[in-house]
Every structure is written in structure tokens, then in C-alpha cells.
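The basis for the numbers below is simple: all heavy atoms, side chains too, and nothing from hydrogens, waters or symmetry mates.
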Amino acid sequence: MKILLPIVMLFSVSLSSCAGLLDVVLRKQIAPEVQQEAQKNDCWYTYMPHRSPGFCLRTRRAIVWKDPALNLGYWRGLHPQPPHRVLMEARGHTLILHRRYVWDGNSVGTTQLNDLMPSLRHDVLYHALKEGAPISRRDIDQAYMRDCKRYGTDTRQLDYGTLRLFGGIFNSLGQRNTLIIRPTTPQTPPAPLEPNRFDDPYDDLNYTPPDA
């Protein structure tokens, strides 16, 4: 065990320093249908080609999941920079995701239209778990498999055992301190939602980042 831990840590550091190469190895890409759907004015997400195939998908509206099989407790996930905008909120069996959340679709292979919602909730909950939310990775992975069945996602190349084995490694990569977890109670009023803004300039497909 003492020998295995440094090897795993070294493997994780190597992966995090070669994110672009890792995307190639994992055949990570965004399907053309996902890109085309994002061009519609009323689409619920944005595709940002300058970030593809990594964190290149971004929500345009708030999303609420109600899952009787998943009790998340009560907490909020805040943006780490002032004014600490609320990014997500757990209220028992309900998860509220506020607009403008960025995720990267499937960790392996091509992200199709029916992969969007399962990958989004999975990424949101793993993000919260990484930053200390009182939730279980097992519960998150089981919820993901339920979402895959609900939305018709092809899981032939990803069984539950594989998800359990490699999910923790993937979640250990990348930046930390990207979310502030604050406990709430059932009596805490939900954070107000931003109105939908499909004219948000940052959602423009022609947007070019300042340092590009």
C-alpha cells in the first residue's frame, strides 16, 4: 500500500499536466449534433469551440433535478471569487444548478445529445464532492447510471465497475478551491435564480478569449 500510493499520485500528476494528450488518448470529442443544436437561439446550453474538447459546454438556464433515490442534504456551492455567486444548491432530494455552469461532457469518447444531461449532473456532483460537499461518490455514480438509462445513453463501453474504479482518479485531477461549500438548512430559502439570457455575449459562438 505504501508503494502503491506514490505511484497513483505520480500517475495523477502526470495526467493533470498532459490534459490535452489525455483527451486524445480517451478519444474525447463533442458530436457535430451537439454543436449544431447549440446554435439554436433557444438551446439550453452553449458550445464554446475555442475550449473543445475540454470544458466547452455552458448552461444558459437554471436546471432542477428531483431524485427521490438521492438525498444530498442541504448546502450551497458558491463561486470562490467575490461576490461568491451561487453555482449550485442541494435541498434534500433536489439539486438546483444555476445558469452559466461550464462542463466537459463525457470523460471518455464522444459526447452525444443524450449524454448531455447525465454528464452534467455527474460533473456537478463530482465538483461538489471534490470541494467537500457531504455526499457519497457511490451515490453519485449510481445516480449517473440511472440518468444514462433515463436519457438512453449508450453504456455498453462503461459499466458500473469501471465508473467506480476510475471515477476517483479523474476527480482528483485539475484545480481545487473552485467552489465554496456552505451548509444550509431546510428553512434556508432557495437562492434566487438568474433570468434566462440567451443574448449573453459570452454565449456567442464568435467569442474570442482575451488571451487567445
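- Remark: of the listed residues L125, V124, D123, L125 is the sole one forming a side-chain contact (heavy atoms from CB on, under 4.5 Å) with R121.
- Note on Y74: it does not cluster hydrophobically with I181, by side-chain heavy-atom contacts below 4.5 Å among ILVMFWY residues.
- Side-chain contact between L57 and Y47 is present, with heavy atoms from C-beta onward closer than 4.5 Å.
- The line from CD of E33 to OG1 of T111 is 12.0 Å long, rounded to the nearest 0.5 Å.
- Just one of R182, H79, E194, H98 meets the side-chain contact (heavy atoms from CB on, under 4.5 Å) condition when paired with V86; it is H98.
- Closest of all the heavy-atom pairs between A38 and Y45 is CB-CE1, 3.5 Å.
- Between the side chain of T59 and the backbone N or O of R100 there is at least one donor-acceptor pair closer than 3.5 Å.
- Taken from CG in L78 to CG in L87, the straight-line distance is 7.5 Å, to the nearest 0.5 Å.
- Remark: R138 CZ to I140 CD1 distance equals 12.0 Å, nearest 0.5 Å.
- Heavy atoms of other residues, nucleotides or ligands lying less than 6.0 angstrom from CZ of R150 number 12 at most.
- The distance from the CH2 atom of W103 to the CG atom of L116 is 5.5 Å, given to the nearest 0.5 Å.
- Atom NZ of residue K130 and atom CG of residue L179 lie 11.0 Å apart, to the nearest 0.5 angstrom.
- Put simply, the side chain of E131 gets close to the backbone of N177: a donor and an acceptor are under 3.5 Å apart.
- Transitive grouping of hydrophobic side chains (ILVMFWY, heavy atoms separated by less than 4.5 Å) brings L120 and L113 into a common cluster.
- The hydrophobic cluster containing L129 does not contain I96, counting ILVMFWY residues as joined when their side-chain heavy atoms lie under 4.5 angstrom apart, directly or transitively.
- Scanning both residues, I135 and A128, for their nearest heavy atoms gives CD1-CB, 4.3 Å.
- Looking at every heavy atom in both residues, T153 comes nearest to P118 through OG1-CG, 3.8 Å.
- Across I30 and T110, no two heavy atoms sit closer than the pair C-CG2, 4.5 Å.
- Transitive grouping of hydrophobic side chains (ILVMFWY, heavy atoms separated by less than 4.5 Å) keeps L193 and W75 in distinct clusters.
- Distance alone, capped at 3.5 Å, is enough to place a donor-acceptor pair between the E89 side chain and the A191 backbone.
- Across L70 and A143, no two heavy atoms sit closer than the pair CD2-CB, 4.1 Å.
- The backbone N or O of R99 sits nowhere less than 3.5 Å from a side-chain atom of R60 that would complete a donor-acceptor pair.
- Side chain of K66 to main chain of H93: no donor-acceptor pair is present (N/O by atom type, distance under 3.5 Å, no hydrogens or angles).
- Checked by atom type and distance alone, the side chain of D115 pairs as donor or acceptor with a backbone atom of Q112 at under 3.5 Å.
- Note: Y101 and H127 have tilted aromatic rings, judged against thresholds of 30 and 60 degrees for the angle between ring planes.
- Residue N106 comes nearest to Y144 through the heavy atom pair OD1-OH, 4.2 Å, listed as atom of the first residue, atom of the second, then distance.
- For the atom pair CE (M117) and CH2 (W44), the distance works out to 4.0 Å, reported to the nearest 0.5 Å.
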